[in-house]
Amino acid sequence: MIDILRRLNPQQHEAVTSPAGQILVLAGPGSGKTRVLTQRIAYLIHEQGIKPSHILAVTFTNKAAREMRSRLERMLGRGVEALWLGTFHALCARIMRREADLLPFDSNFVIMDADDQVSIVKGILKELNIDDKLHSPNSVHGRISNAKNALTGPNEFSARTYREEVARRVYERYEEVLRANNAVDFDDLLLWAVRLLEDNPAIREKYAKQFEYVLIDEFQDTNQAQYDLLKHLSSYHHNLFAVGDEDQSIYRWRGADYRNVLRFMSDFPKAEKLLLERNYRSTQNVLDAAQAVINQNRARTPKKLFSKRGSGPRVVLYDAVDDHAEAAYVVEDILERIAAGEKGGGIAIMYRTNAQSRLLEEAFLRTNLPYRLVGAQRFYGRREVKDLIAFLRLVHNPYDAVSLNRIINVPPRGIGSKTLIDLNLQAQENAATLTDILLSLGTQGQESPYWEPFTTRGASVLADFGALLVNWREFAESSSLPALFDRILSDTGYKDYTDDGTEIGEGRWENVMELRRLAYEFEERGLTAFLENVALVSDQDTLPDAPEAPTLLTLHAAKGLEFTTVYIVGLDEGLLPHSRSFEDPEEMAEERRLFYVGITRAKDNLILVRAGQRSTFGRYEYTIESRFLEDIPEDLLRRQGVRLGVRSVNPLSQPRWSPSGSVLEESGSKEPAEPRYKAGMRVIHDTWGDGMVVETRVLGSDETVTVMFETVGLKRLAASIAKLEIVK
DNA sequence: GTGGCCCCTGTTTTT
DNA sequence: CAGGGGCCAC
């Protein structure tokens, strides 16, 4: 085994070897915080003789947990299976399955994914006769989720407005539905774990006694429930080691509160605070740019990032004509880098929204350059994948009505809306669940008390499906997961259903086969583990360890990673910062942190890219340069690309794709226009309604008008295209 | 009961 | 532009 403390700088060394107690390590990007965490665990086990089973370490992603475990095993030269290491959600699920006796569900509960959660809310809105236009399922669910993360139950839910009252009523019912389905949602994993520990002192003590040392990574992104969990789990030995960086807190919308970092110090007055400022990752230019961006935020612990890697190349700022040119530029630039010997695997392209990946993917496909897209959603969100998972979930937990509803008529087996209404009616009249009726029909057929009320046809199709379910459940008792998977495929004729011979159909079937491969991986661990894994995978978890090809990922997914070359695209107002953050300074500060996280992923090269116009909803609109770019000192930058003034032609008729922006020659020759608008003027736009002119500029033969609209915020328009009516 | 067509709406981020 | 829901014809 290698020397654990080798190659640590004095600050890192101090953190790794800190004595027992509460330690807060504030670590800038690239300062080796994951390393500190890993080595501290190794130190505790090897030097302090702590049993691995007495250590609890919480990471942000499953992937981070996996990597940490294998690194530890390499360092210590032995397995550390007993070490409690994983994400909050995975650890909570583990504790809850063990202690299910004390909870209002069985130990084989299912975990509802985001889609399931919203569709449950949607169903409840319908049931309660609430207009889902006024109260969108998404926003109602968001309120419920926020409440849960703040440990607020439906009874304590404040309902001062009608909107909140609606949310409260849905919340109440939502909980009933989950219980009836023997299900929990993501937030429940945390919520019920906290309740379990709070309501059962003996259980709390059991775990708190076990965990002599508790360690947590990415502490700035913990929410109330997670914070409480940490306090409970460390309430006996009081050894809590937290590592984090306020500047990298990017999950506020999920209830995370970077002020937990401050709370830590006030809750544990004897806590020791350590700072890691030496950056081992980036060049000084990258760090200076990052620093310039983040310094605009208040309420943070000032840190001075420094690097000994030299200043490095300047940050490139590329101004593309439009979003197609943006993607084309990025891919061409990457081709050049690769031709010059750079490794594709060290390159990443980051963006604010997933939708932005599409044009980039298309550009990659055109050049035949391979790429990697990070995103679990891409696979697990597929209809065919969700279908198969629903079958498996139903076998695992037949009371999972969400899954049942999903696949009761998939592939079509004659159970249409009429039969479903009858089925629901029967369930209601007999105070039974749909599953009870199906299983009864499936085992007893015509002898079943439920046979009579249905039409003959209805009863028989339901009985057939019930019989399938019964058989699968029996089969699952004695057979392996892959066998069950194949049995379901053949019993349902799923291949014929998905694979219609078209390319798309084949793609769908390939996805099914990919899931099947995954099922094989879980042959030993079984169905429960498989489903839990499927429910808890994150986007980051899908990132290959050593990708050969450039990686496309969201800024959120980039947290904790590093690349030689980083492109951040879409540096336009409305995208980064996202328009949803315009009204709330807290949200704006978070957008800034998100940008900061992106910048600090870069080791050597940072390329910032924006597009002068961009299609949203299929329509082209002019964009305004991101406000964050103004914060980066000019002497760190190298500006490239085409500054698009304004063209007097319809942007829709422009060529879509052009190599490095040779398009723009056409302005200039026409005579300048007279300005018609001026700042302060009130105007009306066909689509966006009332607005006020903020700025106007004459460029070439046209005039660019920047207008603040009441409905959609800032827009930049070409006067010749947008019909702006002036209000006196 | 199913499948196809048309209209509408809506884009953050994800454990 | 695209995915979902509603409506209509078989």
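Protein chains get the first letters and strands the later ones, always in sequence-line order, with residue 1 at the start of each.
Close to dG1(B), at under 4.0 Å from its OP1 or OP2, lies a side-chain N or O of Thr419(A). One finds no side-chain N or O of Asn138(A) lying less than 4.0 angstrom from the OP1 or OP2 phosphate oxygen of dG10(B). Lys122(A) has a side-chain polar atom (N or O) that falls below the 4.0 Å cut-off from OP1 or OP2 of dG5(C). Listed pair Asn149(A) / dT15(B) fails the phosphate criterion, with no side-chain N or O lying under 4.0 Å from OP1 or OP2. For Ser579(A), no side-chain nitrogen or oxygen approaches OP1 or OP2 of dT11(B) to under 4.0 Å.
For Thr554(A), taking side-chain heavy atoms from C-beta onward, the closest of the listed nucleotides dT13(B), dT15(B), dT11(B) is dT13(B). For Arg254(A), taking side-chain heavy atoms from C-beta onward, the closest of the listed nucleotides dG1(B), dT14(B), dT11(B) is dT14(B). Looking at the side chain of Pro412(A), the nearest of the listed nucleotides dT11(B), dG3(B), dT13(B) is dG3(B). Side-chain atoms of Arg358(A) lie closest to dC1(C) of the nucleotides dT2(B), dC1(C), dT11(B).
Residues His89(A) and Gln226(A) form a side-chain contact, since some pair of their non-hydrogen atoms from C-beta on lies under 4.5 Å apart.
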Evaluate salt bridge (Lys or Arg N to Asp or Glu O under 4.0 Å) for Arg593(A) paired with Glu246(A), printing each intermediate quantity in order.
CA-CA 9 Å; Arg593(A) 292 193 291 269; Glu246(A) 298 142 288; over 6 Å; no
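The separation between Tyr351(A) atom OH and dT11(B) atom P is 19 Å, rounded to whole Å. In this structure, Ile568(A) atom CD1 and dT13(B) atom P are separated by 16 Å, rounded to whole Å. For the pair Asp188(A) CG and dT14(B) P, the computed distance is 21 Å after rounding to whole Å. With rounding to whole Å, Gln117(A) atom CD is found 12 Å from dT15(B) atom P. Rounded to a whole Å, the CG atom of Leu575(A) is 10 Å from the C1' atom of dT11(B). Rounded to a whole Å, the CG atom of Leu359(A) is 14 Å from the C1' atom of dA2(C). If you measure from atom CZ of Arg383(A) to atom C1' of dA2(C), you get 15 Å, rounded to the nearest angstrom. Look at CD on Glu362(A): it is 9 Å from P on dA2(C), rounded to the nearest Å.
With hydrogens and angles disregarded, a donor-acceptor distance shorter than 3.5 Å links the side chain of Glu591(A) to the backbone of His578(A). Listed for the Asn260(A) side chain is a donor-acceptor partner under 3.5 Å among the backbone atoms of Thr222(A).
Along DNA chain B, the nucleotide nearest Asn409(A) and the nucleotide nearest Ile250(A) are compared for position; the residue whose nucleotide lies closer to the 5' end is Asn409(A).
In this structure, Trp253(A) counts as stacked on the base of dT13(B) under the 5.5 Å centre distance and 30° plane angle limits.
Taking a cutoff of 4.0 Å between a charged side-chain nitrogen and a carboxylate oxygen, Arg614(A) and Asp572(A) qualify as a salt bridge.
Asn62(A) comes within contact range of no nucleotide atom at all, as no heavy-atom separation falls under 4.0 Å.
Test Phe219(A), Tyr251(A), Phe88(A) against Phe60(A) for ring pair (Phe, Tyr, Trp, His ring centres under 6.0 Å) and you get one pass: Tyr251(A).
Spacing of P atoms, dT13(B) relative to dG4(C), comes out at 16 Å, to the nearest Å.
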